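First up is the structure itself, then whatever we jot down about it.
These numbers come from the heavy atoms of this one structure, side chains and all, not from hydrogens, waters or symmetry mates. From a predicted model like this one, the values you see are computed outputs, not experimental measurements.
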Amino acid sequence: MRAALETVGLVKRFGGILATDHVSFRLEKGARHALIGPNGAGKTTFVNLITGDLPPSGGRILLAGDDVTSLRPDQRVRRGLARTFQINQLFLEMTPLEALALAVSERRGDGRNWWSRMGAQSVVEEVAEIAGRFRLTDVLDRRTGSLAYGKQRLLEIALAFASRPRVLLLDEPAAGVPQAERPELIEAVATLPREVAVLLIEHDMDLVFAYADRISVLVDGALLTEGTAEAIAKDARVRAVYLGEPENG
């Protein structure tokens with residue numbers, strides 16, 4: 001069966017530094033998969049290779065079985081690959097209503113005329129549905145820059161979701177979100193539809209183990225191990241990497 005996303009022997013070199021070391025990885029359809037690793041493990045580099053923000057030095061990237069290694073980021077989005085970032089990439093002067101209308105119109109091939117499309121019934125209905133799913137209905141008309149940080153993170157996920165992805169990469173969605181605002185974000189991520197395969201890149205182990213069915217561990221640019229959340233939690237090598245425990249401890 002074709003994976004939703006697959007990398008085959010993926011390599012990235014920066015001069016003499018091997019940042020991504022022949023990584024072969026599968027994200028199954030409908031998966032809830034987490035990618036974890038210590039700081040400097042190469043997680044963001046790996047994600048940037050998948051999305052096309054960095055060109056690989058070797059290997060291949062497959063989306064639903066199709067080779068997308070040479071495609072631009074926008075071409076990959078149109079093929080069903082969307083992402084969020086560690087640091088929000090939002091238009092702070094726009095409202096969530098405007099941003100979502102732009103995202104929906106762009107997906108429909110009418111991004112240049114998004115302003116005039118805001119009143120279209122189909123656009124209004126889709127924006128309302130997305131806003132409800134991501135707990136944004138009550139802030140749709142507020143300037144994005146004035147929103148609480150948790151709401152901004154929800155908006156970024158909503159904008160990625162508006163592209164109707166088959167694969168959604170969430171790069172540390174809980175980073176910087178105050179504790180009081182985290183339950184709303186976690187609930188929104190947990191209720192994403194199963195037709196979307198999700199790869200979660202996250203340092204928050206509570207979120208990882210509560211959310212992911214399967215976990216891959218990246219260390220020094222290479223995959224150390226992969227397995228169920230239960231198996232990873234018991235893995236001595238993972239404990240050694242994160243906690244400094246001896247592997248036979």
### Query
Apart from Val77 itself, what residues make up its hydrophobic cluster when side-chain heavy atoms of I, L, V, M, F, W and Y under 4.5 Å apart count as a link, directly or indirectly?
none
### Query
What's the shortest heavy-atom distance between Thr84 and Ala160, and which atoms?
CG2-CB, 4.2 Å
### Task
Please list, chain by chain and in numerical order, all residues satisfying salt bridge (Lys or Arg N to Asp or Glu O under 4.0 Å) with Glu187, sequence neighbours excluded.
Arg135
### Query
Would you call Arg239 and Asp235 a salt bridge, using N to O less than 4.0 angstrom?
no
### side chain to side chain donor-acceptor pair (under 3.5 Å) pairs, two or more places apart, involving residues 214-226
His33-Ser216, Arg214-Glu226, Ser216-Glu226, Thr225-Arg237
### Message
Between Leu136 and Val139, is the side chain to side chain contact (heavy atoms under 4.5 Å, CB included) condition met? List the steps.
### Response
CA-CA 5 Å; Leu136 295 168; Val139 298; 4.0 Å; yes
### Task
Establish, for the pair Lys12 and Phe14, whether the NZ or CZ atom is under 6.0 angstrom from the six-membered ring centre and no further than 45 degrees off its axis.
yes
### Message
Applying salt bridge (charged side-chain N to carboxylate O under 4.0 Å, His left out) as the test, list every pair that has at least one member in residues 40-57; sequence neighbours left out.
### Response
Asp53-Arg83
### Message
For a side chain to side chain contact (heavy atoms under 4.5 Å, CB included) check, start with the C-alpha distance between Leu170 and Val198, then their side-chain angles and the critical distance, and finish with the verdict.
### Response
CA-CA 7 Å; Leu170 299 178; Val198 178; 3.9 Å; yes
### Message
Any carboxylate oxygen within less than 4.0 angstrom of a Lys/Arg side-chain nitrogen, looking at Asp66 and Arg60?
### Response
no
### Query
Which pairs pass salt bridge (charged side-chain N to carboxylate O under 4.0 Å, His left out) with one or both residues in residues 27-37, sequence neighbours excluded?
Arg26-Glu28
### Summary
What one should report as the nearest heavy-atom pair of Arg143 and Ser146 is O-OG, 2.7 Å
### Message
Can you tell whether the side chains of Glu126 and Arg164 come within less than 4.0 Å, N to carboxylate O?
### Response
yes
### Query
Partners of Arg76 by salt bridge (Lys or Arg N to Asp or Glu O under 4.0 Å), sequence neighbours excluded?
none
